[in-house]
Amino acid sequence: MENIRNFCIIAHIDHGKSTLADRLLEFTQTVTNRQMQAQVLDDMDLERERGITIKSHAIQMNYMYKGKPYILNLIDTPGHVDFSYEVSRSIAACEGALLIVDASQGIEAQTISNLYLALEHDLEIIPVLNKIDLPGAMPEEVKDQVVDLLGCKREDIIHASGKEGIGIEDILTAIIERIQAPTGDKEAPLQALIFDSQFNSFRGIEVIFRVYNGSIKKGDKVKFINTGKEYFADEIGILKLTKEPCAQLDAGNVGYIISGIKEAKEVKVGDTITKVEKPGEPIIGFEDVKPMVFAGIYPVDTSEFEELRTSMEKLQLNDASLVWEPETSAALGFGFRCGFLGMLHMEIVQERLEREFDMTVITTVPSVQYIATLTKDSQTVPISAPSDMPDPTTIDFIEEPFIKAQIITKVEYVGNIISLCMDKRGIIKNQSYLTTDRVELIFELPLAEIVFDFFDKLKTMSRGYASLDYELIGFRQSNVVKLDIMLNGEKVDALSAIVHRDKAYDWGKRLCEKLRELIPKQMFEIAIQAAIGNKIIARETIKAMRKNVLAKCYGGDISRKRKLLEKQKKGKKRMRQVGNVEIPQEAFMAVLKLDQ
Amino acid sequence: MNTVGIYIHIPFCRHACHYCNFHFSTQLHNKPELIAALGKEIQMRSTFFDKNTLVQTLYFGGGTPSLLERKEWEYLIQQLQTHFTFASDVEWTIEVNPEDVTPVSLSFWKSIGVNRLSIGVQTLHAPALTFLNRHHTPNQSLQCMDWVIQAGFTNYSVDLIFGIPLVTTARLIEDIKTLTQYRVPHISAYALTIEPKTYFGHQVTKNKMQVPEEEFVAEQFEVVMDCLEASGYEQYEISNYALNRSYAQHNSSYWQDIPYLGVGPGAHSYDGQNRFSMIENNALYIRAIQSGSIPLTLEEMKPEDRYNDIILTSIRTKTGVSKSWIENRSDKERVQVLQSIDILLNEGFLIQNNDYYQLTRKGKLLADEITLKLLL
């Protein structure tokens with residue numbers, strides 16, 4: 001155990017985490033140059049394009065140091081607030097962390113918040129100043145920041161360049177010298193923490209874990225404590241560039257288990273693996289990750305509903321946090337009500353459906369889950385879609401989810417951020433200086449208010465220097481109403497939303513204006529109305545189309561005209577008809593673009 | 001005896017009009033080879049129609065047919081007469097630019113049998129002609145019409161473009177008045193359309209030009225319909241107006257499902273079943289024809305394509321679309337089409353006249369939108 005080191009990397013998106021990780025893998029000959037795709041760790045296309053790691057991975061390196069062999073387990077972590085629980089579990093599987101800071105950029109806010117998470121778990125932090133070779137590097141200033149934040153010694157900070165391969169050996173030395181070897185009792189009952197899983201279409205779910213106590217052998221009968229399910233360890237092994245099976249994994253090490261699990265929902269990050277015979281205690285800190293944001297997903301072409309169902313089922317195999325059930329909309333037909341961890345998660349699901357399954361989908365207005373308490377016998381009803389809203393006359397009160405938001409930013413942006421949070425019905429709870437120019441703000445905010453564009457606005461007004469972390473703190477009574485949109489008097493269920501009464505007018509007005517832009521002129525005039533109950537609160541009009549005739553008939557080229565018209569006709573087929581109005585798919589997403 | 005049409009495409013122009021997306025070249029150096037190839041193609045495609053077909057209409061379009069020289073005309077006519085049989089009352093039209101028309105050219109055309117001219121007047125407003133990159137003046141147009149009449153052409157047509165940004169509606173009304181005072185037998189009036197791969201198309205992409213406003217174009221379309229109707233013209237097709245039933249027979253065949261042979265690069269043919277298009281490149285066309293092959297692309301027509309073609313052409317005509325013909329089809333979309341028709345009738349976009357659905361005045365402005373609802 002004393003020759004194992006488990007560590008993760010904390011870094012801002014573009015501070016060079018992936019390149020530096022690549023160099024470590026190369027230096028320890030875990031991968032050869034030929035195997036080296038750029039940024040090996042991010043192997044989903046989507047991850048590479050977004051420059052963030054969506055799902056965490058782990059990889060094992062072997063390294064000889066002072067004549068002794070060491071096992072170094074690098075545990076990769078996702079970097080977005082939607083996945084903060086996964087980050088916390090990955091961190092819990094490590095004893096140390098590399099804190100990578102771009103020598104020309106300095107420390108970013110999100111880095112600080114993950115760093116705090118690592119410090120909470122007593123991780124040994126090794127600060128690394130990356131991109132030291134760049135002409136814009138300001139190593140001394142950035143070192144000041146690091147010392148301020150960590151209270152470490154200046155000489156503890158390693159100079160590196162992933163691109164040039166500078167400092168790689170120093171980093172490996174520091175990992176071995178400074179990070180504690182894992183502790184644990186090989187003879188104790190098995191306790192292994194699940195911190196990730198991957199879907200393999202041939203072999204089922206591969207569960208990735210860190211052994212705290214005891215050991216696991218191939219063929220063991222194991223139990224996942226929180227789900228209560230039992231499996232045979234068909235295969236266990238370590239994670240190199242490919243999976244390498246082995247006979248046994250002992251306390252302190254990181255590995256994978258394959259046991260014929262077919263669905264990702266049986267595997268919960270944070271769960272504890274133990275043995276059926278001689279079971280151990282669960283590792284503390286398990287939380288069942290619950291969806292925070294709900295939205296409908298519908299096929300653009302109504303005939304593709306079954307295809308969408310199959311795609312969603314496949315997607316769920318390796319995305320346990322995605323939940324859904326069938327839903328019907330008058331405007332959109334058959335589709336699914338889906339629960340997501342957050343807005344990024346929603347976007348990712350939508351993009352994966354499009355890229356991996358070639359499905360074009362319409363996503364409806366995202367909503368959080370409200371709870372209505374009815375007057376009659378105080379019964380409570382969950383509302384995760386506007387259509388779930390009971391008749392207002394039967395409702396005693398409605399509660400909405402509130403979060404505690406931690407925002408770390410620079411002093412100069414504090415004013416703007418406070419106004420933003422106030423505008424979003426936030427209550428400021430605390431403001432404290434982390435360093436001379438870095439401030440931590442704590443707010444209580446309705447979750448619904450940060451669902452849409454909060455994160456983008458925060459980033460814009462802080463020029464990218466603001467982090468956001470949040471946790472649910474409970475439900476609070478709130479004056480929310482259902483806002484409907486009508487086109488020529490017909491309600492479009494897919495455009496309804498639940499909003500706070502104080503914001504309903506503004507919301508209705510802006511949504512009507514946006515729809516006027518997005519719905520093309522048609523043969524009839526179109527009235528767009530926003531209403532609360534029977535009360536109209538906003539109206540816009542789209543004038544009837546005046547002229548659409550290509551006077552020319554292109555000589556004898558009838559085909560050309562036919563093809564032109566057929567193309568338009570195809571475009572129309574992708575629209576949805578409500579009453580006599582044809583609605584393009586973009587219009588259903590209008591809510592997300594109210595500020596553009 | 002089947003009657004058919006022949007179209008000959010003359011793919012040369014001295015200047016490129018800024019709106020035109022028909023196939024043409026301003027490089028005239030290979031004109032002799034091209035004319036030779038046209039003659040050869042006429043021979044090669046002499047079996048395009050069944051035996052016992054009579055050519056009822058012959059149309060020389062372009063490009064600019066008025067660029068052809070005497071011996072070129074004579075060669076092409078000789079080829080046509082060798083390989084096809086023409087009706088005694090054939091309608092023979094050639095497209096001409098006003099600046100190419102002289103009493104001499106007119107008497108020559110008349111002598112070889114041309115009996116209808118289509119004159120590219122476009123507008124009588126000088127700055128607008130410059131804007132369109134036309135190289136004639138309004139006076140040349142008027143002079144041309146005088147000479148045409150003097151030469152004894154009783155059947156001719158004038159092309160008119162409306163919706164040109166420089167031409168106010170008042171100005172347009174003046175132009176139409178001038179034309180109707182001439183008692184021009186036939187007028188084709190088109191809205192200025194911005195097509196990709198034209199000068200205007202590029203200007204619009206580069207944001208150097210605006211697409212004409214919908215309201216402006218709609219208003220001018222209404223003015224054209226009103227003025228011409230008031231002067232006794234019959235709008236027998238959405239863009240075509242005739243005095244005393246002087247319909248364009250050749251163009252009418254396009255929307256009457258009559259077969260036609262198109263000769264020359266970029267020309268289209270229809271044999272009653274399928275459509276064909278010729279390569280749109282002069283050099284490649286010449287090379288292929290010289291080597292004995294015909295660079296044609298066949299477009300096989302599925303039953304729904306044939307249906308759609310009939311709908312999109314006939315809905316534009318005064319006669320309209322046959323109700324029973326739609327009802328007798330077995331396509332599953334037929335039900336939806338009939339439902340749409342009901343709405344269009346109720347909303348006053350269509351009227352029913354015996355067995356025919358016809359566009360109303362309001363419907364004409366939205367003809368394409370309505371067509372979409374009738375397509376399969």
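Predicted, not measured: the structure shown is a model, and the values here were computed from it.
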Visitor: Please state whether the side chain, the backbone, both or neither of B:Phe221 comes within less than 4.5 Å of a heavy atom of chain A.
Guide: side chain
Visitor: Which region of A:Lys567, side chain (C-beta onward) or backbone (N, CA, C, O), has a non-hydrogen atom less than 4.5 Å from a non-hydrogen atom of chain B, or is it both or neither?
Guide: neither
Visitor: If you compare all heavy atoms of B:Asp305 against all heavy atoms of A:Arg562, which two are closest, and at what distance to 0.1 Å?
Guide: O-NE, 3.6 Å
Visitor: If you round to the nearest 0.5 Å, how far is OG1 of B:Thr371 from CD of A:Gln568?
Guide: 9.5 Å
Visitor: For B:Glu213, look at atom CD and say whether over 12 heavy atoms of other residues, nucleotides or ligands are found less than 6.0 Å away.
Guide: no
Visitor: Less than 4.0 angstrom from a charged side-chain N to a carboxylate O is my criterion; do A:Lys569 and B:Glu369 meet it?
Guide: no
Visitor: Looking at A:Asp557 and B:Arg275, does any basic side-chain N land under 4.0 Å from a carboxylate oxygen?
Guide: no
Visitor: Heavy-atom cut-off 4.5 Å, strictly under: side chain, backbone, both or neither for B:Ile343 against chain A?
Guide: side chain
Visitor: Measure the spacing between CG of B:Asp368 and CE of A:Met545 and express it to the nearest 0.5 Å.
Guide: 9.5 Å
Visitor: Do you know the tightest heavy-atom contact between A:Ala544 and B:Glu214?
Guide: O-OE2, 4.5 Å
Visitor: So which atom in B:Lys364 and which in A:Val549 form the shortest heavy-atom distance, rounded to 0.1 Å?
Guide: O-CG1, 3.6 Å
Visitor: Heavy-atom cut-off 4.5 Å, strictly under: side chain, backbone, both or neither for B:Lys362 against chain A?
Guide: neither
Visitor: Can you tell me if CG on A:Asp358 sees more than 12 non-hydrogen neighbours from other groups inside 6.0 Å?
Guide: no
Visitor: How long is the span from the CD1 atom in A:Ile558 to the OH atom in B:Tyr254, to the nearest 0.5 Å?
Guide: 8.0 Å
Visitor: Once rounded to the nearest 0.5 Å, what's the spacing between atom CG of B:Leu374 and atom CG of A:Leu565?
Guide: 10.5 Å
Visitor: Working to the nearest 0.5 Å, report the span between CG of B:Asn308 and OG of A:Ser559.
Guide: 11.5 Å
Visitor: Side chain from CB out, backbone as N, CA, C, O: work out which of these in B:Tyr59 comes under 4.5 Å of a heavy atom of chain A, or both, or neither.
Guide: neither
Visitor: Do A:Arg546 and B:Glu222 sit within salt-bridge range, that is, some charged N less than 4.0 Å from a carboxylate O?
Guide: yes
